[in-house]
Structures are given as structure tokens and as C-alpha cells.
Amino acid sequence: SWWGFDPRVAWLIDQLKSLKHEKVIVICAHAQTAMTLEQAVWSKEAIRAAVFHEGMSVFERDKAAAYFAQEDDSAQVLFCSEIGSEGRNFQFAHHLVLFDLPLNPDLLEQRIGRLDRIGQTQTIKIHVPYFKESAQSVIFDWFDQGLNAFNQTCTTGRPIFEQYEEQLLALMKSTSVDEAAVSALISETQTANALLKQQLEQGRDKLLELNSSGQHSENT
């Protein structure tokens, strides 16, 4: 099985061991990945884990979430498929592992949002394992440096992605990472993102001004 030689699995196990008394959520793109990782951490280190994916019934998901949430005799880690980034709040956990990264910035926002909820008492620590000079390293750098999406809410992510999707995918599909091209794309993204944010903020301020002055229309 791939988990026997994938270095990200060994890295993950080391992280879980170092965070022995912390709750950790691991989100993957696919249910099979989540299930395989649950088997891997139990087989290698007997780490208690639960899985949460779309192939489970609502009752099974509730049971898995409860097993992860309880304090005693509980799962340290919850392995989720993409569905794990929707509809559930885990603000009691402070560590989020993104075992792979989505292309859509909105999905990234949703993943982080499962922990970044009312009731969260600590700064969320996001962990992202990836191979150097790979497609995942390209998308990681673009999210991190281009959109600053790991550090703050990214309201501009979707339109910026649509603007640069073709260039980004071309760089990700390349047999070797063109560092100069990636840097150029990140620089363009930063500029476009800052401009769009400014435009959105100006529009919001104008709307607030109109509402406060009573100049908005009463008809729809």
C-alpha cells in the first residue's frame, strides 16, 4: 500500500506523536485516502482515530464526531474527506492537517472554517505536507504568498483563481517546476488580489454610506 512508503505518512505520525494530548483534524480530498490513513496510524503506532466521509450514514458520522469530541477514551485524530470541511464545526480542535490541497480557494476556506468558528480559543495551527518541486508545492506557494489564504480570510479567492486558473494549472502540470514562472505568477496574483480587495472595501464603504444617509431605494 502507498502509505508504507509515502514520507508524508511518516511525517504525519511524528506530528501526531508530538501532539499527543491535542485534537487534530486531517482533511483529504477523497474518502479512500482518509480511510487508508486511519488504518496506517493504527497499524504503525496504535493511534486512536476516527473517519468521517460521505460513504457513511448520518448516524455513523455522528458517532465518529462524538468519539473525536469526547475527552476520555477518545480519538486523537479525525480523518475527513472533503465532506468533513462542510456542515460540522470542530472549534475545540486547534490543529488542522491538510493532507492535500484543493484547487478551489473556497474549499480551502471551508476547510479552515471548520475550526475557525465562534468558540475557538486558540490560534489555529495549519500543517501542510507536500513534496518539493511538485504540483502541490506550486499551489501551496500560490495560496500562501499570492493570496495569504492560510493567515486570513480570503474573500477574493474565487475570482482571483478564475483569473489565473489557466496559468496556475499549466505550472502545476509541468514536468518540472519553473521557479521563475511561479514567482512571476505569485507577484501578479498579489497585485491583482490587493486591487480587488481595495475595490470590494470601497464598495462596502459606499454601501454603508448610502444606508446611513437613507439614500437607498425602498423599492426592489
Peer 1: Begin with the C-alpha distance, continue with both residues' side-chain angles, and end with the deciding distance and a verdict on side-chain contact (heavy atoms from CB on, under 4.5 Å) for Asp141 and Ile186.
Peer 2: CA-CA 8 Å; Asp141 289 340; Ile186 288 173; 3.9 Å; yes

Peer 1: When rounded to the nearest 0.5 angstrom, what is the spacing between CH2 in Trp142 and CD in Gln190?
Peer 2: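 If we round to the nearest 0.5 Å, Trp142:CH2 and Gln190:CD are 11.5 Å apart.
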
Peer 1: I would like to know whether Lys23 and Ser74 meet side-chain contact (heavy atoms from CB on, under 4.5 Å); could you show each step before the answer?
Peer 2: CA-CA 10 Å; Lys23 296 286 186 178; Ser74 62; 2.7 Å; yes

Peer 1: Taking atom CG of Leu168 and atom OG1 of Thr189, what is their separation to the nearest 0.5 Å?
Peer 2: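 Going from the CG atom of Leu168 to the OG1 atom of Thr189 covers 8.0 Å.
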
Peer 1: So, taking the atom named CD1 in Ile83 and the one named NE2 in His30, what distance separates them when rounded to the nearest 0.5 Å?
Peer 2: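 Separation between the atoms: 14.5 Å.
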
Peer 1: Table please: side-chain donor-acceptor pairs of residues 127-138 below 3.5 Å, with sequence neighbours left out.
Peer 2:
unit_1: His127; atom_1: NE2; unit_2: His95; atom_2: ND1; d: 3.0
unit_1: Ser134; atom_1: OG; unit_2: Phe131; atom_2: O; d: 2.5
unit_1: Ser134; atom_1: OG; unit_2: Gln136; atom_2: N; d: 3.3
unit_1: Ser134; atom_1: OG; unit_2: Ser137; atom_2: N; d: 3.3
unit_1: Gln136; atom_1: OE1; unit_2: Leu101; atom_2: N; d: 3.0
unit_1: Ser137; atom_1: OG; unit_2: Glu133; atom_2: N; d: 3.4
unit_1: Ser137; atom_1: OG; unit_2: Ser134; atom_2: N; d: 2.9
unit_1: Ser137; atom_1: OG; unit_2: Ser134; atom_2: O; d: 2.7

Peer 1: Can a salt bridge be assigned to the pair Lys125 and Glu22 using a cut-off of 4.0 Å between side-chain N and carboxylate O?
Peer 2: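 Looking at Glu22 together with Lys125, the answer is no, because their closest N to O distance does not fall below 4.0 Å.
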
Peer 1: When rounded to the nearest 0.5 angstrom, what distance separates CD in Glu38 from CZ in Phe52?
Peer 2: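 Going from the CD atom of Glu38 to the CZ atom of Phe52 covers 15.0 Å.
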
Peer 1: Distance-only check: which donor-acceptor pairs under 3.5 Å involve side-chain atoms of residues 146-157, not counting sequence neighbours?
Peer 2:
unit_1: Asn148; atom_1: OD1; unit_2: Asn151; atom_2: ND2; d: 2.8
unit_1: Thr156; atom_1: OG1; unit_2: Asn193; atom_2: OD1; d: 2.3

Peer 1: Can a donor-acceptor pair be found between the side chains of His94 and Gln120 at a distance below 3.5 Å?
Peer 2: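 Yes, Gln120 and His94 have a side-chain donor paired with an acceptor closer than 3.5 Å.
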
Peer 1: Please collect all salt bridge (charged side-chain N to carboxylate O under 4.0 Å, His left out) contacts where either partner lies in residues 162-184, sequence neighbours excluded, each pair once.
Peer 2: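 Sorted pair list: Arg158-Glu162.
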
Peer 1: Show the nearest heavy-atom pair for residues Ala75 and Ala50, with the distance to one decimal.
Peer 2: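 That closest heavy-atom pairing would be CB-N, 3.8 Å.
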
Peer 1: Would Leu107 end up clustered with Val26 when hydrophobic side chains under 4.5 Å apart are linked, directly or stepwise?
Peer 2: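 Unlinked, Leu107 and Val26 end up in two clusters.
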
Peer 1: Quick one: list whatever passes side chain to side chain donor-acceptor pair (under 3.5 Å) with Arg117, sequence neighbours left out.
Peer 2: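 Only Asn89 meet the side chain to side chain donor-acceptor pair (under 3.5 Å) criterion with Arg117.
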
Peer 1: So, for Leu196 and Pro159, which heavy atoms are closest and what is the spacing to 0.1 Å?
Peer 2: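 So the minimum-distance heavy-atom pair works out to CD2-CG, 3.7 Å.
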
Peer 1: Is the shortest side-chain heavy-atom distance between Pro105 and Ile160 below 4.5 Å?
Peer 2: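 Result no, sub-4.5 Å side-chain heavy-atom pair not found.
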
Peer 1: Determine, using the 4.5 Å side-chain heavy-atom cutoff (strictly less than), whether Phe161 and Phe143 are members of one ILVMFWY cluster.
Peer 2: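 Yes; tracing contacts between hydrophobic side chains, which count when under 4.5 Å, links both residues.
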
Peer 1: Nearest 0.5 Å please: distance from the CD atom of Gln202 over to the CD atom of Gln198.
Peer 2: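 Those atoms lie 4.5 Å apart.
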
Peer 1: Give every donor-acceptor pair under 3.5 Å between a side-chain atom in residues 54-70 and any protein atom, sequence neighbours left out.
Peer 2:
unit_1: Glu54; atom_1: OE1; unit_2: Ser81; atom_2: OG; d: 2.6
unit_1: Ser57; atom_1: OG; unit_2: Glu60; atom_2: N; d: 3.1
unit_1: Ser57; atom_1: OG; unit_2: Glu60; atom_2: OE1; d: 3.4
unit_1: Glu60; atom_1: OE1; unit_2: Ser57; atom_2: N; d: 2.8
unit_1: Arg61; atom_1: NE; unit_2: His53; atom_2: O; d: 3.4
unit_1: Arg61; atom_1: NE; unit_2: Met56; atom_2: O; d: 3.2
unit_1: Arg61; atom_1: NH2; unit_2: Glu54; atom_2: O; d: 3.3
unit_1: Arg61; atom_1: NH2; unit_2: Met56; atom_2: O; d: 3.3
unit_1: Asp62; atom_1: OD1; unit_2: Arg88; atom_2: NH1; d: 3.3
unit_1: Asp62; atom_1: OD1; unit_2: Arg88; atom_2: NH2; d: 2.3
unit_1: Gln70; atom_1: NE2; unit_2: Asp72; atom_2: O; d: 3.1
unit_1: Gln70; atom_1: NE2; unit_2: Asp73; atom_2: O; d: 3.0

Peer 1: Taking Val77 as the starting point, is it possible to reach Val97 by hopping between hydrophobic residues whose side chains are less than 4.5 Å apart?
Peer 2: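 Yes, because Val97 and Val77 connect within a single hydrophobic cluster, where side-chain heavy atoms sit under 4.5 Å apart.
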
Peer 1: Same cluster or not: are Phe90 and Ile112 linked, directly or through other Ile, Leu, Val, Met, Phe, Trp or Tyr residues, by side-chain heavy atoms under 4.5 angstrom apart?
Peer 2: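 Result: yes, single cluster for both.
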
Peer 1: What distance separates Leu108 CG from Leu98 CG, expressed to the nearest 0.5 Å?
Peer 2: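 Leu108 atom CG to Leu98 atom CG measures 6.5 Å (nearest 0.5 Å).
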
Peer 1: Does Thr33 use its side chain to pair, donor to acceptor, with the backbone of Ala29 at less than 3.5 Å?
Peer 2: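 Not a single qualifying donor-acceptor pair exists.
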
Peer 1: Output a table of donor-acceptor pairs, distance under 3.5 Å, between side-chain atoms of residues 7-19 and any protein atom two or more places apart or on a different chain; print 'none' if there are none.
Peer 2:
unit_1: Arg8; atom_1: NE; unit_2: Asp6; atom_2: OD1; d: 3.2
unit_1: Arg8; atom_1: NE; unit_2: Asp6; atom_2: OD2; d: 3.2
unit_1: Arg8; atom_1: NH1; unit_2: Phe99; atom_2: O; d: 3.3
unit_1: Arg8; atom_1: NH2; unit_2: Asp6; atom_2: OD2; d: 2.8
unit_1: Ser18; atom_1: OG; unit_2: Asp14; atom_2: O; d: 3.4
unit_1: Ser18; atom_1: OG; unit_2: Gln15; atom_2: O; d: 2.7

Peer 1: Can you check side-chain contact (heavy atoms from CB on, under 4.5 Å) on Met35 and Phe79, steps first, answer last?
Peer 2: CA-CA 7 Å; Met35 290 187 288; Phe79 291 103; over 6 Å; no

Peer 1: For Ala34 versus Val51, what's the shortest heavy-atom pair and its separation?
Peer 2: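 Of all heavy-atom pairs spanning Ala34 and Val51, the closest is O-CG1, 3.8 Å.
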
Peer 1: Between Gln76 and His21, does the side-chain contact (heavy atoms from CB on, under 4.5 Å) criterion hold? Intermediate values first, please.
Peer 2: CA-CA 8 Å; Gln76 178 195 2; His21 302 293; over 6 Å; no

Peer 1: For residues Leu169 and Leu103, report the shortest heavy-atom separation together with the two atoms involved.
Peer 2: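 Answer, listing the atom of Leu169 first, then Leu103: CD2-CD1, 3.6 Å.
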
Peer 1: Report yes or no: do Ile126 and Leu78 belong to one cluster of Ile/Leu/Val/Met/Phe/Trp/Tyr joined by side chain heavy-atom distances under 4.5 Å?
Peer 2: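 Yes, one cluster joins them.
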
